Number of protein chains: 2
Amino acid sequence: MNKLGDLAGEAPSSEHPKRSRSVVQDQVLANLKDALMSGVFLPGHVFSLRKLASSLGTSAMPVRESLNRLVAAHALEELPNGSVRVPKLSAKGLKEIFEIRLSIEAIATRIACETVGPSIVRDLREINDALLKSLKAMNMTEVLRLNQKFHFTIYEAADSEVLMPIIESLWLRCGPTMYYSFNSPNNLWDNSGHRLLQDAFKKKDPEAAQSAMVLDIGKTRDFLINQASIEQKAGPFASLGKVAV
Amino acid sequence: MNKLGDLAGEAPSSEHPKRSRSVVQDQVLANLKDALMSGVFLPGHVFSLRKLASSLGTSAMPVRESLNRLVAAHALEELPNGSVRVPKLSAKGLKEIFEIRLSIEAIATRIACETVGPSIVRDLREINDALLKSLKAMNMTEVLRLNQKFHFTIYEAADSEVLMPIIESLWLRCGPTMYYSFNSPNNLWDNSGHRLLQDAFKKKDPEAAQSAMVLDIGKTRDFLINQASIEQKAGPFASLGKVAV
DNA sequence: GATTAGTTACTGTGATCACGATTAGGGACT
DNA sequence: AGTCCCTAATCGTGATCACAGTAACTAATC
């Protein structure tokens with residue numbers, strides 16, 4: 001499973017590629033973030049600095065700094081020997097994260113609904129239409145990607161440099177687990193939250209938008225908690241072996 | 001301004017110092033965090049990798065990783081040329097941070113009051129007594145340190161790996177500005193919030209504790225916002241530079 | 001055949017260097 | 001005296017290396 005993304009696929013032994021500024025580290029970081037959100041790495045996966053570097057076609061330095069940033073954002077956790085891995089969320093930790101997500105994303109939703117223009121209504125509808133189509137095709141990877149896009153379209157509208165990093169960190173933390181759980185068979189996605197959200201933004205009703213977001217996240221949380229208790233043996237919450245990179 | 005702390009002051013050219021594991025980076029990071037919270041660096045201060053390294057008696061590597069982590073936590077911000085500096089908070093940014101602090105720390109306070117044992121009452125009283133003493137002596141550095149200890153005693157009691165990193169990040173972001181503002185002459189510290197908090201924990205009343213915390217943070221916010229408008233010319237709120245991503 | 005000891009490969013860490021870009025400073029010319 | 005250009009110092013970045021600790025694997029011994 002080489003090459004996480006389409007990062008400059010040249011051989012490491014080639015001559016100096018034209019790099020203007022620190023694009024390398026940014027690309028590596030973006031790649032890793034995307035991979036985490038998309039469920040490329042399972043919870044518990046341990047990263048190897050040199051292997052990751054060579055698989056990305058770069059040296060260890062940019063990977064070191066990227067992993068360091070993800071550790072600082074608690075998207076990855078540090079092992080006693082200094083290695084980093086994708087955290088295995090306990091049921092308690094998962095519940096905590098969603099508790100905070102409820103509060104923070106509710107605030108962001110209210111602010112967004114208070115300040116944003118009407119163009120967001122169309123954006124949200126388009127995203128949700130695509131989501132429903134992917135849901136019908138049972139393409140859960142795409143469903144999760146579009147769900148993320150739906151939520152972040154709202155949060156970006158809040159235009160807060162304080163809220164956004166917190167929300168991103170929370171999503172990075174529960175992303176791997178979410179991906180894992182929503183790939184299970186008995187998965188029925190409830191779209192009522194998204195509908196209520198669109199209605200609230202159409203009517204520019206911040207209170208309604210806020211409670212709709214609380215409802216939407218609450219449903220996701222309940223599903224995940226339920227899955228956690230089902231998959232307690234083989235799921236990402238138990239001891240699962242490492243996955244080759 | 002050499003030597004932030006008492007970090008291994010040996011000459012870099014000496015023989016191998018006995019280092020068991022990655023204590024160096026941890027010490028550097030702890031030093032920088034402490035310095036930020038204590039107001040050693042003013043908002044706008046630009047860091048130089050090599051100078052910081054030599055002033056700390058180490059090489060560039062541990063400093064690089066520490067600064068990187070602080071950037072990831074938004075405690076420092078990245079300039080277009082890759083240098084990092086202490087952010088100059090705009091009045092809007094400061095207001096946002098305190099808005100989130102109100103929500104997050106209120107939750108942490110409620111959880112703490114619900115779960116923690118009675119020993120916290122004594123701890124809080126001791127800290128607040130020392131705070132009042134330092135206040136009488138007009139030792140504002142000590143007051144700020146004890147205020148931080150008071151708050152974090154509560155937050156640590158909530159025992160959450162989700163809330164604590166968020167709270168720490170928020171304090172790191174507004175720390176330099178707080179230190180700067182509270183060193184001003186016309187500063188009267190209102191201790192009523194701390195008193196109400198202690199009462200609430202004594203009676204184990206989570207709701208009262210939560211609203212007392214909201215009150216306490218709100219008072220600090222109002223004072224800071226007021227200071228911001230006073231010092232609009234020369235203070236840390238002056239012409240806010242671009243905010244790099 | 002099971003256990004233990006020894007060796008080998010691999011881990012992150014810290015230090016150092018080359019590179020390109022940016023910046024500040026000084027000198028010369030108008 | 002003011003302005004402009006050139007140079008030198010400094011910046012972060014990416015690559016590479018030595019080191020110490022650890023984990024795993026192999027081989028020898030009981």
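Labels below follow one simple rule: chain letters A, B, ... track the order of the sequence lines, proteins then strands, and each chain is numbered from 1. Atoms considered below: every heavy atom in the structure, side chains included; atoms not considered: hydrogens, waters and symmetry mates. Note that this is a predicted model, so its numbers are computed, not measured.
- If you check every strand for non-hydrogen atoms under 4.0 Å, B:S83 touches sugar and phosphate atoms only.
- Checked for salt-bridge contact, B:E96 and B:K92 meet the test: a charged N lies under 4.0 Å from a carboxylate O.
- Rounded to whole Å, the distance from CG on B:L52 to C1' on D:dC11 is 14 Å.
- Under a 4.0 Å N-O distance rule, the pair B:R110/A:E99 does not qualify as a salt bridge.
- Contact annotation: B:K51 side-chain N/O to D:dT10 OP1/OP2 distance is not under 4.0 Å.
- Between B:S48 and the phosphate of D:dT10, there is no side-chain N or O to OP1/OP2 separation shorter than 4.0 Å.
- Between B:H151 and B:Y155, the angle of the ring planes lies from 30° to 60°, which puts this pair in the tilted group.
- If you take CZ of B:R50 and P of C:dA18, they are 12 Å apart, rounded to a whole angstrom.
- Following rounding to the nearest Å, A:L56 (CG) and D:dG14 (P) show an atom-to-atom distance of 13 Å.
- Between A:M61 and A:L49, the one whose closest nucleotide on DNA chain C sits nearer the 5' end is A:L49.
- At whole-Å resolution of the value, CG in A:N81 and P in D:dG21 are 14 Å apart.
- Distance, A:L79 CG to C:dT13 C1': 16 Å, rounded to whole Å.
- The pair B:R69-A:E78 meets the salt-bridge criterion, with a side-chain N (NZ, NE, NH1 or NH2) lying under 4.0 Å from an Asp/Glu carboxylate O.
- Phosphate contact (OP1/OP2 of D:dG14, side-chain N/O of A:S59, threshold under 4.0 Å): absent.
- No contact: B:E65 has no heavy atom under 4.0 Å from any strand.
- The distance between atom CZ of B:R64 and atom P of C:dG12, rounded to the nearest whole Å, is 17 Å.
- What separates CZ of A:R85 from C1' of C:dT11 is a distance of 16 Å, to the nearest Å.
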